[in-house]
Number of protein chains: 2
Amino acid sequence: MKDFNKLSERQRNMLRYIEKYTADHGYPPTIRQIGENTGINSTSVVNYNLNKLVQAGYLTRSQHVSRGLRLTGPVPGSKGKVAAVQASAAFSRIPIIGHIFASEPVPVPDDYSYDEDSMIEVTKDLLGGTDPSQAYALKVKGDSMIDAMIREGDIVIFRKQETAKNGDMVAVWLTDKSETTLKYFHNEGSRIRLQPAHPHMEPIYVDPRVCKIEGKVLSVIRHI
Amino acid sequence: MKDFNKLSERQRNMLRYIEKYTADHGYPPTIRQIGENTGINSTSVVNYNLNKLVQAGYLTRSQHVSRGLRLTGPVPGSKGKVAAVQASAAFSRIPIIGHIFASEPVPVPDDYSYDEDSMIEVTKDLLGGTDPSQAYALKVKGDSMIDAMIREGDIVIFRKQETAKNGDMVAVWLTDKSETTLKYFHNEGSRIRLQPAHPHMEPIYVDPRVCKIEGKVLSVIRHI
DNA sequence: TTGACAACCGAACCCATGTTCGTCTATACT
DNA sequence: AGTATAGACGAACATGGGTTCGGTTGTCAA
């Protein structure tokens, strides 16, 4: 979470107001109420800053829902008893930095500054112990990952790494074919065996020199 | 305050729902949501009973304010503290009540005991808005769900329901074949089309009489 | 039978409220 | 100067969601 002091004064005031209003009324304020009480004259500016606060991890929003705000925790410096709760955060927020499909390499986090808008909350067990700061997510485009039992729209959670242990599922870029694929990794010395997750499909064997590991697959999430 | 037991069953359900929804979301439900979740078909009836509850002292309302509800205290019989603590939780715990494979019907939660050991934490977005109390999880055994793009070991999150809308992914028990399958549901009048998630596989058509819906698939989780 | 009343229904109505968009300013970098 | 970007503004838009109203059903007592 971004440092509270790094937020703009406006944003801090907004958080304080939201906390206070919610405590006073039992339900959160509207965008217009937030604006009126923090000296903002336009609903769009409130909306803009609310999204900033979501990105910074201070609250969550429900789209198209009136008063659909929720603080993720107490506002620093307040005496609010607003559910301190999940300080022990059993989940974390990781960025969805782009899409994955067969014909292009897998994006990796510092390839470019990613769109902060798209974050996903995942429970820690989906990260398999990986430090959340090393994890990122990609959304699958197209049906090219079918042999990995992964569909269009699935969200694949990766850990950034360029080596793999046998049995890991990895994203590899095959430099000779200019193709990305998700397979189980098995180093057999002179060659690498890439085993599809689909039990009826045959492995492929590649030269280690054309096999660039781009990340390790930690988990897959599918919304229906 | 009027005795809680003097309230109608509906009114008690409404209070319970309001408390639970507020705890789950951080803001109160709308009149329509209350109706949908307590079996009331008209907003005016919800409104009517909300006013009754105000008279009875159980809640206060703000006129012309969406979600302008507030409970005056914990609802008798509920675990109010738990709700308060979970107030900002963006995830919930749902039970893993068993396994799913082709040759047996899908287990359905009986309201009784779950093994506390087998619970899984999921972020709310995996439930697609479903009340967490209506959700449960099953672990996939065997490779029989391959046509649904689901592997051994995947965790499938269901919602308990016996009907489906077109386009839902459902677990169905085919009484003539004694077989469970996961497919997209399309009612075509005289027959039901069950479409595999796998894009290269053909749908099957079944008689509505042999097609027993056991639950709706909300999401799938795969740990690697 | 009739009237009063509690409970309920469905649809219409319309304000409440989130979202989008074109525009503007200030600042920083090239 | 020219361009990019963050922050802000206000108006228009579309939908969310509370309110109202005419009508129905069932119960109870006069």
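Every chain is numbered from 1 and lettered A, B, ... according to where its sequence line falls, protein lines coming before strand lines.
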Lys52(B) atom NZ is separated from dC5(C) atom P, nearest whole Å, by 12 Å
Under a 4.5 Å cut-off applied to non-hydrogen side-chain atoms, are His223(B) and Leu126(A) in contact?
-> yes
ask   = Between the main-chain N or O of Arg209(B) and the side-chain N or O of Asp207(B), is there a donor-acceptor pair closer than 3.5 Å?
value = yes
| Is any side-chain N or O of Arg10(B) closer than 4.0 Å to OP1 or OP2 of dC8(C)? | yes
For Arg151(A) and Met149(B), the nearest pair of non-hydrogen atoms, with its separation, is CG-CE, 3.3 Å
The side chain to side chain contact (heavy atoms under 4.5 Å, CB included) partners of Arg16(B) (sequence neighbours excluded) come to Phe4(B), Glu9(B), Arg12(B), Asn13(B), Val75(B)
Report task. Return the orientation label for the Tyr27(A) and Tyr21(A) ring planes: parallel under 30°, perpendicular over 60°, tilted otherwise. Result -> perpendicular
Return the polar atom pairs (N/O with N/O) between nucleotides 20-24 of chain C and the protein under 3.5 Å, or none.
none

Between Asp154(B) and Arg222(A), does any side-chain N to carboxylate O distance fall below 4.0 Å? no
Contacted region of DNA chain D by chain A, from 5' end to 3' end of the hits, cut-off under 4.0 Å to heavy atoms, spans dA6(D) to dG17(D)
Considering only heavy side-chain atoms of Thr30(A), the closest of dA12(C), dG18(C), dC8(C) is dG18(C)
Kindly determine whether Ser66(A) and Arg67(B) satisfy side-chain contact (heavy atoms from CB on, under 4.5 Å), including the steps that lead there. CA-CA 8 Å; Ser66(A) 48; Arg67(B) 302 171 189 271; 3.5 Å; yes
message: With a 3.5 Å distance limit and no angle check, can you tell me whether Thr30(B) reaches the backbone of Gln33(B) through a side-chain donor-acceptor pair?
response: yes
